[in-house]
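Each chain gets a letter, A, B and so on, in the order its sequence line appears, and its residues count up from 1.
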Number of protein chains: 2
Amino acid sequence: MKDKQAAKVTINEVAAHAGVSKSTVSRYINGKLDAISPKKVQSIKKAIEELNYRPSQMAQGLKVKKSKVIGFLVADITNPFSVATLRGVEEVCDQYGYSIMVCNTDNSPEKEREMLYKLKAHYIEGLIINTTGQNNDVLMDLISQDVSIVLVDRKVPGLKLDAVTTNNRDVTSQIVNMMYDKGYSHVGLFTEPMKGISPREERVSAYTEIALERNAGRIPFVYEVDAKDKEALLQSVNSFLTMNEGKKAILGNNGLLMLKIISCLYELGASIPEDIGIAGFDDTEWYKLIGPGITTIAQPSHEMGRVAMERIIKRLEGDESAPQTIELEAELVLRHSL
Amino acid sequence: MKDKQAAKVTINEVAAHAGVSKSTVSRYINGKLDAISPKKVQSIKKAIEELNYRPSQMAQGLKVKKSKVIGFLVADITNPFSVATLRGVEEVCDQYGYSIMVCNTDNSPEKEREMLYKLKAHYIEGLIINTTGQNNDVLMDLISQDVSIVLVDRKVPGLKLDAVTTNNRDVTSQIVNMMYDKGYSHVGLFTEPMKGISPREERVSAYTEIALERNAGRIPFVYEVDAKDKEALLQSVNSFLTMNEGKKAILGNNGLLMLKIISCLYELGASIPEDIGIAGFDDTEWYKLIGPGITTIAQPSHEMGRVAMERIIKRLEGDESAPQTIELEAELVLRHSL
DNA sequence: CTGTTAGCGCTTTCAC
DNA sequence: GTGAAAGCGCTAACAG
């Protein structure tokens with residue numbers, strides 16, 4: 001390590017420099033200006049500027065049990081949906097002086113658990129989480145430690161927590177109906193394993209309901225696939241594509257999966273929407289540039305992040321009202337893939 | 001606030017529970033096991049498990065001046081390039097028990113400065129930054145505070161810091177040459193304002209050099225545009241497109257810009273590569289699905305994140321060698337947009 | 001208004 | 001081996 005390390009300036013130096021006690025400096029820092037004589041305010045201000053002093057979050061935090069950091073725990077930060085949400089969270093964090101600690105879980109409950117403990121050790125004040133649903137005990141522990149939690153996108157049954165989600169059921173019904181209206185007799189839903197993940201389940205359930213209703217007698221086509229298993233996915237897509245009847249369309253359960261499905265379609269030489277229609281969830285700017293433009297359900301992910309963080313701020317400010325789940329509206333973006 | 005708050009379990013409870021002093025527990029936590037009698041090791045282990053104890057990072061940090069957090073400061077976390085890098089950083093952070101604090105600067109030097117101070121207040125041990133280059137003083141201050149800094153993607157002249165970059169010049173020359181080889185007589189480079197940002201400058205300079213060499217007498221076509229100003233961009237693209245001579249191709253300086261340019265091309269009804277060729281930097285999975293597939297220079301962004309973080313770990317472990325810039329190889333991904 | 005004092009939860013000499 | 005004590009940088013009574 002370097003030893004020419006300039007000692008960090010502390011409240012003591014400021015106090016000495018300004019000729020006051022550190023309590024007074026502390027008061028100044030905490031904005032209790034009207035409890036300090038104007039001249040001292042001036043000298044403290046001057047000292048702080050000259051020394052370029054910044055209070056240590058660690059020391060402050062240790063004392064008041066407030067770290068000014070909030071945790072953002074998602075399955076995969078690489079997912080554009082998560083990034084957009086993070087952006088929203090960040091905007092309001094910034095506004096209130098909070099910092100964000102970002103963690104990936106890769107949908108692994110064990111990793112999630114580890115991360116939760118890590119975040120706890122950092123005394124996070126709030127947590128925005130896209131949970132696997134397998135660590136409710138740790139979540140409860142965090143709650144008892146006074147950290148404010150809000151679930152984004154995924155709700156957890158039996159966990160009374162604030163949540164911000166989208167109207168998955170409605171919007172799924174809407175698009176599935178539209179698909180049938182457009183004359184697609186066979187609409188297949190591709191989804192990653194549900195594993196109790198609420199938005200996936202809601203979409204599947206809404207789809208199934210409409211499929212049953214509109215397509216009497218034919219079983220709904222739900223393909224549960226692993227987006228990472230390219231071969232298997234290709235198989236599934238191909239088997240759906242080559243069923244020898246009807247006009248077909250695929251509904252993809254999320255953006256990442258859509259990407260894989262479209263790749264498969266290209267590989268199989270199927271053209272959109274002539275050979276097969278397709279629509280999905282999430283929206284990225286790229287969607288409009290792919291094929292004829294992909295019709296999709298755009299989630300207000302950025303907004304979800306903002307709302308989630310605002311909820312946390314409210315909680316931190318003392319709001320004790322019952323947990324609520326805020327459902328934001330997803331938007332159907334019509335392009336030409338159907 | 002809730003008052004049923006379960007007190008956080010501290011080292012004292014553990015000590016009491018295990019019937020030892022807190023010094024001994026501290027020794028245990030810090031792995032000095034051979035300095036503790038085996039039976040005490042057992043009882044401490046048991047106590048920790050039963051109480052589900054985790055040492056407070058804040059308290060530890062305050063004492064040893066190590067927060068176990070590293071800062072990740074980028075212009076725009078929404079940029080896929082940044083996300084991939086973050087992912088890489090995260091992997092190695094995880095491995096060494098570090099947490100990441102993520103901040104956006106939006107390319108604003110003022111915001112960057114604010115964030116740097118914020119990060120400093122959190123006693124970050126390391127910083128991975130994609131800098132505007134306008135806050136070298138704060139960076140130096142951080143250095144004097146013993147935080148290890150590594151620049152990613154963007155180098156800063158005059159700042160002797162570790163950096164990880166890509167071989168922009170080489171790879172740009174390569175692709176530009178290829179474009180001319182393919183018979184494009186007019187290749188235009190579209191870039192966002194250079195403002196001293198090294199990769200942009202390097203690419204423009206490499207392009208200019210080749211353009212001059214291969215296209216004697218014709219001035220290079222460098223369009224400096226604002227990716228956010230849709231109208232102006234459309235203008236520029238159109239003016240290049242409608243020059244009434246030669247076979248044309250565009251080279252876009254980064255992924256975000258590419259997206260906008262391709263949109264413009266679609267809007268103008270130009271088809272790729274018949275009416276105009278195009279190639280760019282960065283690579284996202286979507287590139288292969290757009291038009292005929294976009295030829296691009298894929299940066300090893302994930303790898304860059306890993307390498308950057310590994311560099312920090314080395315520094316933190318005491319490596320005092322001279323700052324080095326590690327240049328990773330970008331890869332030319334040939335598809336059919338040229 | 002302002003300084004003194006006592007910790008926050010941990011690490012680290014320094015004795016025993 | 002192990003505990004007592006001091007202190008990291010800060011805040012929060014409590015006097016004055």
Side-chain angles (χ1 to χ4, degrees), chain A residues 5-44 47-48 51-68 97 117 120-125 145-146, chain B residues 5-45 47-48 51-68 97 120-125 145-146:
Chain A
Q5 174 177 7
K8 190 148 191 146
V9 13
T10 76
I11 199 172
N12 287 305
E13 276 100 87
V14 178
H17 202 90
V20 301
S21 77
K22 61 177 183 173
S23 325
T24 305
V25 177
S26 175
R27 291 188 184 100
Y28 178 92
I29 296 171
N30 293 287
K32 303 186 176 39
L33 296 193
D34 42 342
I36 315 175
S37 72
K39 51 178 19 164
K40 297 214 170 180
V41 168
Q42 280 317 309
S43 57
I44 294 174
I48 289 183
L51 267 32
N52 193 228
Y53 167 73
R54 283 258 167 163
S56 155
Q57 282 288 353
M58 307 208 83
Q60 269 185 189
L62 180 57
K63 186 70 200 174
V64 304
K65 260 85 177 302
K66 297 230 165 315
S67 59
K68 280 302 197 179
Y117 280 128
K120 177 183 173 183
H122 279 288
Y123 280 61
I124 52 167
E125 291 183 51
Q145 229 65 189
D146 239 21
Chain B
Q5 174 176 5
K8 189 148 193 147
V9 13
T10 75
I11 198 171
N12 288 304
E13 277 99 87
V14 178
H17 202 88
V20 302
S21 77
K22 59 177 184 173
S23 320
T24 306
V25 178
S26 174
R27 290 188 185 100
Y28 178 92
I29 296 172
N30 293 288
K32 303 185 175 39
L33 296 193
D34 43 341
I36 315 176
S37 72
K39 52 177 21 167
K40 297 216 170 179
V41 168
Q42 281 316 310
S43 58
I44 293 174
K45 183 169 197 268
I48 288 183
L51 298 168
N52 193 229
Y53 168 72
R54 284 258 166 162
S56 155
Q57 281 289 351
M58 305 208 84
Q60 268 185 189
L62 180 57
K63 187 69 199 174
V64 305
K65 259 87 176 302
K66 298 231 165 316
S67 59
K68 281 300 197 178
K120 176 182 173 184
H122 279 288
Y123 279 62
I124 52 167
E125 292 183 50
Q145 230 65 187
D146 239 21

Would you mind telling me which residue lines up with the more 5' stretch of DNA chain D, A:Arg54 or B:Lys22, judged by nearest nucleotide? B:Lys22

At less than 4.0 Å, is any side-chain N or O atom of A:Asn30 found next to OP1 or OP2 of D:dT11? Yes or no. yes

Find which nucleotide of DNA chain D each of A:Thr10 and B:Lys39 is nearest to by heavy atoms, and output the residue with the more 5' nucleotide. B:Lys39

Has the side chain of B:Ser37 got a donor or acceptor that lies under 3.5 Å from a partner of the other kind on the base of D:dT2? no

Phosphate oxygens OP1/OP2 of D:dC8: is one of them under 4.0 Å from a side-chain N or O of B:Lys65? no

Short side-chain N/O contact to C:dC8 OP1/OP2 from B:Ser56, under 4.0 Å: no

Please check the phosphate of C:dC10 (OP1 and OP2 only) for any side-chain N or O of B:Tyr53 closer than 4.0 Å. yes

Is any side-chain nitrogen or oxygen of A:Ser21 closer than 4.0 Å to OP1 or OP2 of C:dT2? no

Is a donor-acceptor contact shorter than 3.5 angstrom present between the side chain of A:Ser26 and the base of D:dA12? no

Phosphate-side-chain proximity, B:Gln60 and C:dT11, N/O vs OP1/OP2 below 4.0 Å: yes

Are any of B:Lys40's side-chain N or O atoms less than 4.0 Å away from OP1 or OP2 of D:dG3? yes

When the nearest nucleotide of DNA chain C is assigned to A:Val20 and to B:Met58 on a heavy-atom basis, which residue is associated with the more 5' position? A:Val20

Would A:Lys68 and A:Tyr123 count as a cation-pi pair here, with the cationic atom under 6.0 angstrom from the ring centre and within 45° of the axis? no

